[in-house]
Amino acid sequence: MTQEVSIDLSLVIPVYNEEENIPYLYPSVKQALDKPGLSYEVIVVDDGSSDGTLAQLEKVHREDPRWVVLSLRRNFGQTAALSAGFDHARGEIIITLDGDLQNDPEDIPKLLELIKDYDVVSGWRAKRQDPFLSRRLPSMIANWMISTVTGVKLHDYGCTLKAYRREVVKNLRLYGEMHRFIPAIASWMGVSVAEVKTSHRPRRFGRSKYGVSRTLRVILDLITVKFLLSFSTKPIQAFGLLGLISGGLGVLISLYLTILKLFYGQSIGGRPLLLMGVLLILLGVQLVVMGLLGEMLVRVYHEAQSKPIYMVKKVLRHGEGSPER
Ligand code: UDP
Ligand code: MG
């Protein structure tokens, strides 16, 4: 997308109606990162703010050319904003950060130290400064569920402060509200993930953009992530199996009823079991067909866009470098 220039670090910061926070964000990032030997850029993504956020960002941009401002046409949501930032990031390491000052840029050097040995480093707000009932409790449940279901065990999926190697981010495709699941999604690539405790501050200005309602949505997203991780290249294995079980049960039930009718002369027309058997057979056929459709979709998805179904870490071969992919 953008021309490739090598920079050590890209900070990606999504902001939506955070005008009071920007004037504090700039100096705190500067203080944490202005160190000799570290080249960095900051990609702030204005996610369609309706307050003075963009004007504030333009001011910062005039002052410091390392601040790249990306202004989205409307509010697309945090995932889209992050995704836009990733597309424009040129750093070898990419670190995401909230723009509301709840994350502390002073933690960034810690992440930079760890990312030397890992592909993803996730912040963990060990002393989270948010209300317990409405935010911390749902988030504890969500973290436990995501960790258990995806097998990528993290204490704090919701923490935006995370560091990624460039190749991880460049191979990610994010949709919906999936930014919370990046470590789990990236686990498909075989990444190594580390966790580091970071500080967390209460929000001073502006309001949180989320409420309790996101708990339910996390469950739906989790189902999607789990399905994609386990079956995205073999949908028939998921749907087909369910279909066979359902269809098989249906056939057994129907067989039983047929025997009753033919050999024992019983009337089966009024039995609920008959309905059940027919339903299960229909469902089974549907599920298998759905799996087959899925198989065709997988082929279209991967072949139309030449997307491989694997990720190579490096290639050792005489006479050639090792391209990353
Ligand atoms: N944000 C965004 N687009 C949105 C919602 C949020 O860019 O549609 C930004 C927001 O400005 C903040 C970050 O994402 O910088 C995290 O949002 P918030 O602080 O509201 O979430 P919380 O910390 O309460 O989980
Ligand atoms: Mg916040």
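FYI, side chains are in, hydrogens and waters are out, and symmetry mates aren't considered; it's all heavy atoms of this structure. Bear in mind that the values here come from a model prediction, so they are computed numbers and not experimental data. Order of appearance sets the numbers: ligands from 1, and atoms from 1 within every ligand.
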Nearest-contact summary for [atom] - protein heavy atom, Å:
atom                    : value
atom 24 (O) of ligand 1 : Ser208 OG, 2.6 Å
atom 9 (C) of ligand 1  : Pro14 O, 3.6 Å
atom 16 (C) of ligand 1 : Asp98 OD1, 3.3 Å
atom 19 (O) of ligand 1 : Asp100 OD2, 2.5 Å
atom 1 (N) of ligand 1  : Tyr16 CB, 3.8 Å

message: Do Ile253 and Leu280 have side chains that approach each other closer than 4.5 Å (heavy atoms only, starting at C-beta)?
response: yes
Can you list the atoms of ligand 1 that are under 4.0 Å from a heavy atom of [X]?
X      : value
Asp47  : 2 (C), 3 (N), 4 (C), 7 (O), 8 (O)
Arg203 : 18 (P), 19 (O), 20 (O)
Gly99  : 15 (O)
Gln102 : 19 (O), 23 (O)

Inter-residue atom distance Leu70.CG - Ile13.CD1, 0.5 Å rounding: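 Reported to 0.5 Å precision, the distance equals 12.5 Å.
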field: Met145, CE: over 12 other non-hydrogen atoms inside 6.0 angstrom
entry: yes
[X], any N or O under 3.5 Å of ligand 1 N or O:
X      : answer
Ala81  : no
Glu18  : yes
Arg135 : yes
Asn75  : yes
Thr160 : no
Arg125 : no

Cation over ring, [X] on [Y], under 6.0 Å and within 45°?
X      : Y      : result
Arg135 : Phe132 : no
Arg165 : Tyr118 : no
Arg180 : Tyr210 : yes
Lys170 : Phe86  : no

- prompt: Which of the listed options, Lys209, Arg128, Gln129, His200, holds the heavy atom that is closest to atom 5 (C) of ligand 1?
  reply: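 Of the listed residues, Lys209 has the closest heavy atom.
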For [X] and [Y], which I'm curious about, is there any donor-acceptor pair between the side chains at under 3.5 Å?
X      : Y      : value
Asp8   : Tyr40  : no
Asn21  : Asp100 : no
Asp156 : Ser122 : no
Ser83  : Arg173 : no
Ser49  : Asp46  : yes

Whether Trp67 and Tyr26 hold their rings parallel, tilted or perpendicular, with breakpoints at 30° and 60°: perpendicular
- request: Measure Gln78 to ligand 1 on non-hydrogen atoms and call it side chain, backbone, both or neither using the 4.0 Å cut-off.
  value: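 Both parts.
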field: Polar protein atoms (N, O or S) that approach the Mg ion (ligand 2) to under 2.8 Å
entry: Asp100 OD2, Gln102 OE1
task: Determine, step by step, whether Ser10 and Glu41 satisfy the side chain to side chain donor-acceptor pair (under 3.5 Å) criterion, reporting the C-alpha distance in whole Å, the side-chain angles of both residues, the deciding distance to 0.1 Å, and the verdict.
output: CA-CA 5 Å; Ser10 295; Glu41 62 174 0; 2.6 Å; yes
